[in-house]
Amino acid sequence: EVGKIHATAAAHRIANALDAARLQNDRRPVMAQRTTVLEMVSGYLAKSKESSSKSRGMFQYLQAMPAAQKPLTAWTRQDSIDLMERMARKLAQETLTGYWGVFKRAWRHAYNSELVDRNPTSDIKAKGGKASKAEDLHLHDHELMQLKATPFREDVRGIFFFMLVAGAYYADLGKFRRSNIQTMPDGSKRIQWKRSKTGRATWMALSDELLECATGEGDQLFPVLPWSISYLNIQLKQWALKA
């Protein structure tokens, strides 16, 4: 009888230990069952350095999707495809790629954090989207020379000719600083910056002719203009009409 009592007590201790271990091991699956896809993506965006415009755009599409209220364990590969196709019906091809990339990285973060044991976006690529409406027109050399010979605002002229070579966005203007210019071992110069749209670091070679385009004072290559891109386009059109 004494041995039976000890055995029963030992069995209870073992059972309690197994329950505790099971509860600890199941903690993440429980979190995945209680966390919705919308909450997971929102938490990722709050901590990440994703582009605010891409994050905000993708999140708006996700919010409008009822499946986003599903827990992580219930989100399927088909749900991922549905979200991508939903965005493709409204967005341009390039924009779709950016939005979809944010969503995929959110799931990859959840997977790497062991919040989920699968990634239902891993093999899905952004496809579709609307073709860009921008006309693929190019200025000819003689037209560029005519623009160059036509007097106009020096800041507008400088921005235009510099951006022809840099291929940068208007939002990148404030990132061009003299302190970012590097002198290479062969004596050439180059400048580095991160593109506003993609966040990728890039660089370009700088010639003396290009540096002559800079009209900014102090460290800034260009003055920080309180203009929208639309207003700058109006200035460029006025210059072209004058030419």
Side-chain angles (χ1 to χ4, degrees), residues 49-58 90-102 126 128-243:
K49 296 181 179 178
E50 294 283 0
S51 162
S52 59
S53 59
K54 288 190 291 187
S55 300
R56 185 168 58 251
M58 180 279 305
K90 298 285 186 179
L91 301 174
Q93 295 168 351
E94 298 81 1
T95 309
L96 171 64
T97 302
Y99 284 16
W100 181 243
V102 173
K130 297 180 180 180
S132 174
K133 294 181 180 179
E135 295 183 73
D136 188 17
L137 301 177
H138 301 275
L139 288 171
H140 297 286
D141 287 345
H142 70 275
E143 292 171 327
L144 285 174
M145 295 304 295
Q146 190 172 346
L147 274 175
K148 195 171 183 179
T150 303
F152 200 69
R153 292 185 54 151
E154 286 303 314
D155 49 3
V156 173
R157 287 169 53 91
I159 291 170
F160 174 75
F161 285 114
F162 191 90
M163 291 305 198
L164 278 181
V165 179
Y169 297 97
Y170 182 58
D172 289 336
L173 269 181
K175 299 178 181 179
F176 294 113
R177 297 184 176 90
R178 290 182 172 84
S179 56
N180 291 340
I181 298 176
Q182 299 175 340
T183 301
M184 308 307 292
D186 61 357
S188 63
K189 295 180 179 179
R190 74 177 195 176
I191 190 168
Q192 289 183 306
W193 78 98
K194 281 190 176 181
R195 294 187 181 275
S196 295
K197 191 168 184 179
T198 64
R200 293 179 181 174
T202 188
W203 65 274
M204 63 172 286
L206 283 178
S207 63
D208 292 337
E209 186 179 9
L210 269 178
L211 287 174
E212 289 176 2
C213 296
T215 56
E217 298 179 355
D219 195 31
Q220 295 290 141
L221 282 182
F222 297 95
V224 180
L225 303 174
W227 300 346
S228 67
I229 184 64
S230 299
Y231 185 76
L232 178 64
N233 284 337
I234 292 173
Q235 294 289 313
L236 292 174
K237 288 177 181 178
Q238 290 176 348
W239 181 23
L241 285 171
K242 188 177 179 182

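Nothing fancy with the numbering, it's 1 onward along the sequence. Model, not experiment: these values are computed from the prediction.
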### Task
Working to the nearest 0.5 Å, report the span between NZ of Lys175 and OG1 of Thr202.
11.0 Å
### Query
What pair of heavy atoms forms the shortest contact from Ala240 to Leu147, and how long is it?
CA-CD2, 4.0 Å
### Query
So, for Gly187 and Thr183, which heavy atoms are closest and what is the spacing to 0.1 Å?
O-CG2, 4.2 Å
### Side chains of Leu210 and Met204 in contact at under 4.5 Å (non-hydrogen atoms)
yes
### Query
Which heavy atom of Ala214 sits nearest a heavy atom of Arg178, and at what distance?
CB-NH2, 4.1 Å
### Non-neighbouring partners of Leu164 that pass side chain to side chain contact (heavy atoms under 4.5 Å, CB included), sequence neighbours left out
Leu144, Phe160, Phe161
#### Entry: Donor-acceptor under 3.5 Å (Trp239 side chain, Thr150 main chain)
yes
### Task
Decide yes or no for Leu206 and Arg190: does some side-chain heavy atom of the first lie under 4.5 Å from some side-chain heavy atom of the second?
no
### Query
What residue among Arg56, Lys54, Lys49 forms side-chain contact (heavy atoms from CB on, under 4.5 Å) with Ser52?
Arg56
## Note on the structure
Output for pair (Ile159 CD1, Asp155 CG), nearest 0.5 Å, gives 6.0 Å
### Message
Run the ring-ring contact (aromatic ring centres under 6.0 Å, His included) test against Tyr99 and tell me which residues pass, sequence neighbours left out.
### Response
none
### Query
For the residue pair Arg157 and Phe152, what are the closest heavy atoms and their distance?
CD-O, 3.4 Å
### Task
Answer yes or no: is there a side-chain heavy-atom contact under 4.5 Å between Met163 and Tyr170?
no
#### Entry: Residue pairs involving residues 217-243 (criterion salt bridge (charged side-chain N to carboxylate O under 4.0 Å, His left out); sequence neighbours excluded)
none
### Message
Looking at Lys189 and Ile181, would you say the former's side chain and the latter's main chain have a donor-acceptor pair under 3.5 Å?
### Response
no
### Task
Of all the heavy-atom pairs spanning Ser55 and Glu50, show the shortest one and how long it is.
OG-CB, 3.2 Å
### Summary
Taken in chain and number order and not counting sequence neighbours, the residues that satisfy ring-ring contact (aromatic ring centres under 6.0 Å, His included) with Phe222 are Phe162
### Message
Strictly by salt bridge (charged side-chain N to carboxylate O under 4.0 Å, His left out), give each pair with a member in residues 202-212 just once, sequence neighbours left out.
### Response
Lys148-Glu209
### Message
Just to verify, what does Gln220 make a side chain to side chain contact (heavy atoms under 4.5 Å, CB included) with, not counting sequence neighbours?
### Response
Arg177, Val224
